[in-house]
Amino acid sequence: MKKIIFSIWSDLTSKHISAPDWKKESFRKFKNKLVKKQKEYAKYCGAEYFLFEAKSTDYVDVQFDKILKFEELTKEYDQVVYFDLDIIPITKKNIFEEFDFNYPCVYDQDVNKNALDEEWKKWLRHQYREKNIIDPMSRYSKVAAKKSMLLIEDIISNDNICNTAVICGNQNAANLLKFSERTSYIDKALLKAKDDTVYPKEYSEGWVRNNEIYFSFILEKYNIKFNNIGIQWNYILDEFVSEFTYGVHLIHQVNKDFEKTFTLLESR
């Protein structure tokens with residue numbers, strides 16, 4: 001079987017809240033180490049590895065391009081795995097053998113499940129009291145947008161949002177998603193939701209096009225069977241969780257503290 005793990009790189013120039021200068025600098029500093037880690041894991045899995053150069057330097061466009069590239073590669077490869085470049089494999093498990101690639105494989109996260117989310121809720125309450133626009137990259141903002149969009153379709157949604165730092169599947173999975181085909185429709189659904197929503201303007205005014213909202217919307221609206229790969233295959237390190245356990249398989253370094261993680265890995 002033809003298998004590939006791929007990632008995407010872009011020298012982002014457009015300003016975005018998720019790509020401040022210090023994060024971009026950390027990426028540049030550790031780019032070669034990150035690619036080496038992913039390439040070694042691909043070899044371990046018996047898969048090809050490729051780092052694609054994004055055509056766009058806009059953060060939002062790159063996040064959509066990765067899913068479109070995934071869709072494209074499923075026409076050439078039997079099994080396709082996408083990693084954000086801040087994904088660091090630390091496992092001896094072969095991801096190609098863990099899940100049924102006939103269906104989309106992604107980490108579907110319940111935003112209310114983690115006890116540490118109390119900090120997020122305090123922040124949200126503060127934003128609302130101060131009449132501030134809530135960060136559209138907040139997991140709660142993404143869930144609110146998705147739920148509002150689905151409510152217009154008469155669908156009562158859940159409190160989950162997909163994290164697309166890791167995506168697996170084959171051509172059948174891509175055909176179930178029809179991501180490229182459905183994007184323009186979902187663009188319109190988002191605009192409708194911004195105008196007609198049960199959420200206060202502190203939420204809706206910040207909503208923007210987002211690949212994770214769109215991915216989650218598609219799964220729910222079209223009732224697509226998928227595999228939730230779980231936190232162990234997308235273990236997020238951020239401002240609340242800064243340390244990993246060797247019981248996980250893939251570290252997702254959202255906080256971009258690559259220095260700390262690589263120091264721990266290399267000292268083991």
Side-chain angles (χ1 to χ4, degrees), residues 1-12 18-19 23-24 27-28 30-107 162-181 183 210-212 214-215 218 226-227 229 232-236 248-254 256 258:
M1 293 181 70
K2 289 184 68 178
K3 301 181 288 187
I4 188 171
I5 294 176
F6 79 98
S7 190
I8 288 181
W9 169 263
S10 173
D11 284 308
L12 301 173
S18 290
K23 282 191 175 183
K24 289 188 279 189
F27 255 130
R28 292 188 190 102
F30 287 92
K31 177 185 176 184
N32 290 340
K33 277 193 172 185
L34 292 164
V35 170
K36 184 171 182 279
K37 252 323 201 183
Q38 293 189 359
K39 190 179 289 187
E40 286 173 348
Y41 182 65
K43 184 178 180 180
Y44 174 80
C45 294
E48 294 179 42
Y49 179 83
F50 205 87
L51 178 68
F52 291 94
E53 189 81 24
K55 295 177 182 178
S56 176
T57 57
D58 178 80
Y59 178 86
V60 173
D61 289 343
V62 172
Q63 296 304 310
F64 277 86
D65 285 349
K66 70 188 189 184
I67 304 178
L68 300 180
K69 177 60 72 173
F70 168 83
E71 187 177 280
E72 177 187 323
L73 288 172
T74 62
K75 298 172 184 176
E76 182 181 352
Y77 291 86
D78 299 299
Q79 292 181 302
V80 178
V81 173
Y82 168 76
F83 286 165
D84 274 357
L85 200 56
D86 58 0
I87 290 290
I88 304 172
I90 62 168
T91 185
K92 292 299 182 184
K93 282 187 175 288
N94 185 335
I95 194 169
F96 293 93
E97 297 173 355
E98 293 295 312
F99 305 103
D100 183 352
F101 276 52
N102 286 310
Y103 303 98
C105 308
V106 70
Y107 176 33
C162 293
N163 186 295
T164 57
V166 179
I167 306 171
C168 315
N170 59 18
Q171 191 166 13
N172 185 71
N175 289 339
L176 289 172
L177 287 168
K178 294 185 174 68
F179 194 89
S180 58
E181 180 182 321
T183 300
N210 178 271
N211 76 100
E212 294 183 338
Y214 283 33
F215 201 104
I218 288 171
F226 72 100
N227 298 299
I229 64 175
Q232 65 271 32
W233 288 98
N234 190 336
Y235 193 76
I236 297 170
V248 304
H249 307 307
L250 302 175
I251 298 169
H252 183 188
Q253 196 87 51
V254 171
K256 306 303 179 282
F258 303 120

Subject >> Pi-cation contact, Tyr82 with Lys66 (under 6.0 Å, within 45°) >> reply: no
Original post:
Relative to each other, are the rings of Phe99 and Trp233 parallel, tilted or perpendicular (30° and 60° limits)?
Top reply: perpendicular
Original post:
Between Phe64 and Tyr214, is a ring pair (Phe, Tyr, Trp, His ring centres under 6.0 Å) present by the stated rule, with each step listed?
Top reply: CA-CA 9 Å; Phe64 277 86; Tyr214 283 33; 5.2 Å; yes
**OP:** Please determine if Glu72 and Lys69 form a salt bridge, counting it only when a charged side-chain N lies under 4.0 Å from a carboxylate O.
**Re:** yes
**OP:** State, without any angle test, whether Asn172 and Asn170 hold a side-chain donor-acceptor pair at a distance under 3.5 Å.
**Re:** no
Original post:
Between the main-chain N or O of Val60 and the side-chain N or O of Asp58, is there a donor-acceptor pair closer than 3.5 Å?
Top reply: yes
Original post:
Rounded to the nearest 0.5 Å, what separation is found between the CG atom of Asn210 and the CZ atom of Phe215?
Top reply: 12.5 Å
Subject >> ring pair (Phe, Tyr, Trp, His ring centres under 6.0 Å) evaluation trace for Phe70 with Phe6 >> reply: CA-CA 9 Å; Phe70 168 83; Phe6 79 98; 7.1 Å; no
Original post:
Is there a donor-acceptor pair closer than 3.5 Å between any side-chain N or O of Glu212 and the backbone N or O of Thr164?
Top reply: yes
**OP:** Please check if the side chain of Ser10 supplies one atom and the backbone of Ser56 the other of a donor-acceptor pair under 3.5 Å.
**Re:** yes
Original post:
Taking side chain as C-beta onward, heavy atoms only, is Leu73 less than 4.5 Å from Phe52?
Top reply: yes
Original post:
Out of Ile88, Val166, Leu51, which one pairs with Phe83 under the side chain to side chain contact (heavy atoms under 4.5 Å, CB included) rule?
Top reply: Val166
Subject >> Atom of Asn234, atom of Asn163 and distance for their closest heavy-atom approach >> reply: ND2-OD1, 3.1 Å
Original post:
What are the two closest heavy atoms between Ala165 and His252, and how far apart are they?
Top reply: CB-CE1, 3.2 Å
Original post:
What distance do Ile90 atom CD1 and Ile251 atom CD1 have between them, rounded to the nearest 0.5 Å?
Top reply: 4.0 Å
Subject >> Atom pair CD/NZ of Gln232 and Lys93 - distance to nearest 0.5 Å >> reply: 9.5 Å
**OP:** Indicate the ring-plane relationship of Phe101 and Phe96, choosing parallel, tilted or perpendicular according to the 30° and 60° boundaries.
**Re:** parallel
Original post:
Does NZ or CZ of Lys43 fall inside the cone over Tyr49's six-membered ring, less than 6.0 Å from its centre and within 45° of the axis?
Top reply: no
Subject >> Distance in Å, Leu34 CG paired with Phe258 CZ, rounded so as to fall on 0.5 Å steps >> reply: 5.0 Å
Subject >> From CD1 (Ile236) to CD (Gln253), nearest 0.5 Å >> reply: 11.5 Å
**OP:** Could you tell me whether a side-chain N or O of Gln38 sits under 3.5 Å from a main-chain N or O of Asp84, the two making a donor and an acceptor?
**Re:** yes
Original post:
Hey, does Cys168 have a side-chain heavy atom less than 4.5 Å from the side chain of Gln79?
Top reply: no
Subject >> Taking every non-hydrogen atom, the tightest pair across His249 and Thr91 >> reply: ND1-OG1, 3.0 Å
**OP:** Using the six-membered ring wherever Trp is involved, compare the ring planes of Tyr44 and Tyr41 and label them parallel, tilted or perpendicular (cut-offs 30° and 60°).
**Re:** parallel
Subject >> N/O donor-acceptor pair under 3.5 Å between Lys3 side chain and Cys45 backbone >> reply: yes
**OP:** For Lys256 and Val254, indicate whether the former's side chain and the latter's backbone hold a donor-acceptor pair under 3.5 Å.
**Re:** yes
Original post:
Does NZ in Lys2 sit with more than 12 non-hydrogen atoms of other residues, nucleotides or ligands closer than 6.0 Å?
Top reply: yes
Subject >> Glu71 side chain vs Ser180 backbone, donor-acceptor pair below 3.5 Å >> reply: yes
Original post:
Can you tell me how far CG of Leu85 sits from CD1 of Ile8, rounded to the nearest 0.5 angstrom?
Top reply: 10.5 Å
